[in-house]
Amino acid sequence: MKVALKSVLLQLDNGFALSSRMAPAPGGVSHPENLKAASLCWAYHSLITFALGGFGAETDPGARTMPLHRPFTIMIAGIGAVAVVAAALAGANQSRAQTTATGSAWESIAQVLQHPRCLNCHQENVPLQGNQARLHIPLVVRGADNHGVTAMRCENCHNVAAGNNPTSRTPGAPHWQLAPRSMNWAGLSSSELCEALKDTSRNGNRGGELLIEHMGNDALVLWGWDPGEGREPVPVAHEDFMTVLEGWVESGMPCPQ
Ligand code: HEC
Ligand code: HEC
């Protein structure tokens, strides 16, 4: 057992030692991300060296060098760890400074928009269900008015007056329907979604103020925060989401590259 663990540790350590040497390589420049990766690898390397030292002491009780070797290992690992934490913190600060201009606000907005509670309806032709984004069972399709076809009309099952049904667990909210095709966000990257959201030819002709209005008050948006028993709400409080959204609109709706 110990031997197996030790060999796993050794292999891991080889990997980390290797990547900590390799990380700054591409382009030869010490990009902050590379630096951060190298620092982390080094931290793991130090930790594992430390752990291996511990194993050595137990599996090799006769080893003469141990009393001298172990304090050294601990000291080196300690110095390594401190340096690494400092480097990682410096790296983090640097990358935070870089993202404020390009859209850390956008990233928190995208976190909500790309959540299954929103994305499940912003689809091409068929809504999805649950956090796993399964195809809607039974199968329903968009139809001419986004409300489905024949007997499979959304409002036949989704209660638009009374909201979520706690007994059948069918979600419900006023004007329940698939988002129009131009508002299909399926498969979009964060930056593509950003461009789609503010494109007035696709978003129902909404400028920033109207986007704020929609996400502040629309019944289907608000449902994402009150999705009914057994369904996870979107991860950011609505008030905080609105604050970030308003800030993003004020700063001219910047999108990441
Ligand atoms: C039940 C389906 C449904 C759910 C769930 C849903 N939407 Fe929508 N969404 C729609 C429909 C329908 C429209 C079109 C409304 C309109 O144009 O008046 C729309 C339009 C929008 C728009 C404006 C158009 C655009 O593309 O910019 C935004 C923004 C939006 N939804 C955000 C969200 C967010 C955020 C959530 C989750 C918290 C969400 N929606 C959940 C159906 C849904
Ligand atoms: C035959 C009844 C029925 C019809 C018709 C129907 N649904 Fe549903 N729908 C359900 C049930 C039941 C659930 C809940 C499934 C679950 O959570 O396991 C559901 C779940 C959903 C969800 C998942 C919500 C989430 O985030 O988990 C969406 C989105 C949805 N329906 C959209 C639609 C749309 C849009 C239409 C019309 C085009 C529609 N449904 C028509 C019964 C129906």
Side-chain angles (χ1 to χ4, degrees), residues 106-160 162-186 188 190 192-242 244-246 248-249 253 255:
W106 167 253
E107 290 310 324
S108 349
I109 297 168
Q111 199 191 349
V112 169
L113 270 51
Q114 292 184 319
H115 190 275
R117 288 299 81 68
C118 308
L119 214 49
N120 282 352
C121 255
H122 283 257
Q123 293 289 321
E124 167 73 25
N125 199 40
V126 178
L128 305 178
Q129 287 176 335
N131 279 357
Q132 302 80 12
R134 299 169 261 111
L135 282 183
H136 193 289
I137 299 171
L139 187 69
V140 295
V141 292
R142 174 184 294 285
D145 64 355
N146 307 322
H147 284 257
V149 294
T150 62
M152 292 306 202
R153 303 277 297 167
C154 312
E155 53 275 22
N156 290 359
C157 301
H158 294 273
N159 197 322
V160 297
N164 296 319
N165 182 328
T167 312
S168 69
R169 297 193 16 159
T170 312
H175 79 97
W176 192 275
Q177 61 185 294
L178 206 55
R181 199 170 248 125
S182 75
M183 303 173 195
N184 169 17
W185 298 337
L188 298 191
S190 165
E192 288 166 340
L193 173 59
C194 186
E195 298 297 342
L197 183 73
K198 63 183 192 180
D199 179 349
T200 51
S201 75
R202 286 186 275 172
N203 75 3
N205 200 22
R206 291 178 170 92
E209 287 308 315
L210 289 177
L211 283 177
I212 293 174
E213 161 72 22
H214 183 82
M215 289 193 260
N217 301 301
D218 178 73
L220 297 180
V221 174
L222 295 180
W223 172 84
W225 277 269
D226 179 24
E229 187 70 18
R231 219 168 269 111
E232 171 194 288
V234 287
V236 183
H238 187 245
E239 210 185 308
D240 298 341
F241 173 67
M242 292 310 293
V244 174
L245 183 66
E246 283 158 17
W248 178 72
V249 168
M253 306 197 270
C255 287

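Note that ligands are numbered from 1 as they come in the structure, with each ligand's atoms numbered from 1 the same way.
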Ligand 1 contact on Pro180 by region, counting heavy-atom pairs under 4.0 Å: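 Side chain only; the backbone of Pro180 stays clear of ligand 1.
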Mode of Leu211 contact toward ligand 1 - side chain, backbone, both, neither (heavy atoms, under 4.0 Å):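 The answer is the side chain of Leu211.
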Can you find an N/O atom of Arg202 closer than 3.5 Å to an N/O atom of ligand 1?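 Not met; the criterion fails.
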Can you check whether His122 has an N/O within less than 3.5 Å of an N/O in ligand 1?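 It does: an N or O of His122 is found under 3.5 Å from an N or O of ligand 1.
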Do Asn159 and Asn165 pass the side chain to side chain contact (heavy atoms under 4.5 Å, CB included) test, and can you show the C-alpha distance, the side-chain angles, and the key distance before you say yes or no? CA-CA 7 Å; Asn159 197 322; Asn165 182 328; 5.8 Å; no
Which atoms of ligand 1 sit under 4.0 Å from any heavy atom of [X]?
X: Trp225; result: 38 (C)
X: Leu113; result: 35 (C)
X: Trp223; result: 5 (C)
X: Val221; result: 32 (C), 33 (C), 34 (C), 38 (C), 40 (N)

Any luck finding a side-chain donor-acceptor pair between Trp223 and Asp218 under 3.5 Å?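 Result is no, nothing qualifies.
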For Glu232 and His115, does a side-chain donor sit closer than 3.5 Å to a side-chain acceptor?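 Distance-only check passes for Glu232 and His115.
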Which residue and heavy atom of the protein sit nearest [atom], plus the separation:
atom: atom 33 (C) of ligand 2; value: Trp176 NE1, 3.3 Å
atom: atom 1 (C) of ligand 1; value: Cys121 SG, 2.6 Å
atom: atom 32 (C) of ligand 1; value: Trp185 CH2, 3.5 Å
atom: atom 38 (C) of ligand 1; value: Cys118 SG, 2.6 Å
atom: atom 42 (C) of ligand 1; value: Leu220 CD1, 3.5 Å
atom: atom 21 (C) of ligand 2; value: His158 CE1, 3.4 Å
atom: atom 5 (C) of ligand 1; value: Arg117 O, 3.3 Å
atom: atom 11 (C) of ligand 1; value: Ala179 CA, 3.6 Å

Give the C-alpha distance, both sets of side-chain angles, the deciding distance and a yes or no for side chain to side chain contact (heavy atoms under 4.5 Å, CB included) between Glu209 and Val249. CA-CA 8 Å; Glu209 287 308 315; Val249 168; 4.3 Å; yes
Answer yes when Arg153 and Asp145 have at least one side-chain N-carboxylate O distance shorter than 4.0 Å, and no when they do not.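 Salt bridge flag = yes for Asp145 with Arg153.
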Could you tell me whether Arg181 and Glu124 make a salt bridge, using a distance below 4.0 angstrom between a side-chain N and a carboxylate O?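 Salt bridge present between Arg181 and Glu124.
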Could you check if a side-chain atom of [X] sits within less than 4.5 angstrom of a side-chain atom of [Y], using non-hydrogen atoms only?
X: Pro227; Y: Pro233; result: yes
X: Cys118; Y: Val234; result: yes
X: Gln129; Y: Ile137; result: yes
X: Pro166; Y: Glu229; result: no
X: Leu119; Y: Leu128; result: no
X: Pro127; Y: Asn120; result: no
X: Val126; Y: Leu139; result: yes
X: Pro180; Y: Asn146; result: yes

Looking only at heavy atoms of Asn156, does any of them come nearer than 4.0 Å to an atom of ligand 2?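 It does not, in that no heavy atom of Asn156 comes within the 4.0 Å cut-off of ligand 2.
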Taking only non-hydrogen atoms of Ile137, do any sit less than 4.0 angstrom from ligand 2?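 Outside the 4.0 Å threshold, so no.
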Which atom pair, heavy atoms only, marks the closest approach of [X] to [Y]?
X: Ala179; Y: Arg142; answer: O-NH1, 2.8 Å
X: Met242; Y: Ile212; answer: CE-O, 3.4 Å
X: Met183; Y: Gly204; answer: CE-N, 3.6 Å

Going by the order shown, which atoms of ligand 2 are within less than 4.0 Å of some heavy atom of [X]?
X: Val141; value: 38 (C)
X: Leu128; value: 22 (C), 23 (C), 28 (C), 29 (C)
X: Gly130; value: 25 (C), 27 (O)
X: Gly148; value: 38 (C)

Nitrogen or oxygen of Ser168 less than 3.5 angstrom from that of ligand 2: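 Between Ser168 and ligand 2, no N or O pair is found under 3.5 Å apart.
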Check whether any N, O or S atom of Cys154 sits under 2.8 Å from atom 8 (Fe) of ligand 2.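 No.
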If the cut-off is 2.8 Å, does any N/O/S atom of Cys157 fall short of it from atom 8 (Fe) of ligand 2?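 It does not: Cys157 brings no N, O or S atom closer than 2.8 Å to atom 8 (Fe) of ligand 2.
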Heavy atom under 4.0 Å from ligand 2: found in [X]'s side chain, backbone, both, or neither?
X: Pro171; result: side chain
X: Pro138; result: side chain
X: Gln177; result: backbone

[options]: member with heavy atom nearest to [atom]:
atom: atom 18 (O) of ligand 1; options: His214, His238, Arg206; value: Arg206
atom: atom 25 (C) of ligand 2; options: Asn120, Leu178, Asn131; value: Asn120
atom: atom 29 (C) of ligand 1; options: Asn184, Leu193, Val112, Leu197; value: Leu197
atom: atom 17 (O) of ligand 2; options: Arg134, Gln129, Arg231; value: Arg231
atom: atom 6 (C) of ligand 2; options: His136, His147, Gln123, Arg142; value: His136

With a cutoff of 4.0 Å, is Gly204 in contact with ligand 1, counting heavy atoms of the residue only?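 False for this residue.
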Over 60° means perpendicular and under 30° means parallel, so classify the ring planes of Trp106 and Trp248, tilted if in between.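 The arrangement is tilted - the two ring planes meet at 30° to 60°.
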Taking the six-membered ring for Trp, are Phe241 and Trp225 parallel (under 30°), tilted (30 to 60°) or perpendicular (over 60°)?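 Aromatic pair Phe241/Trp225 classed tilted.
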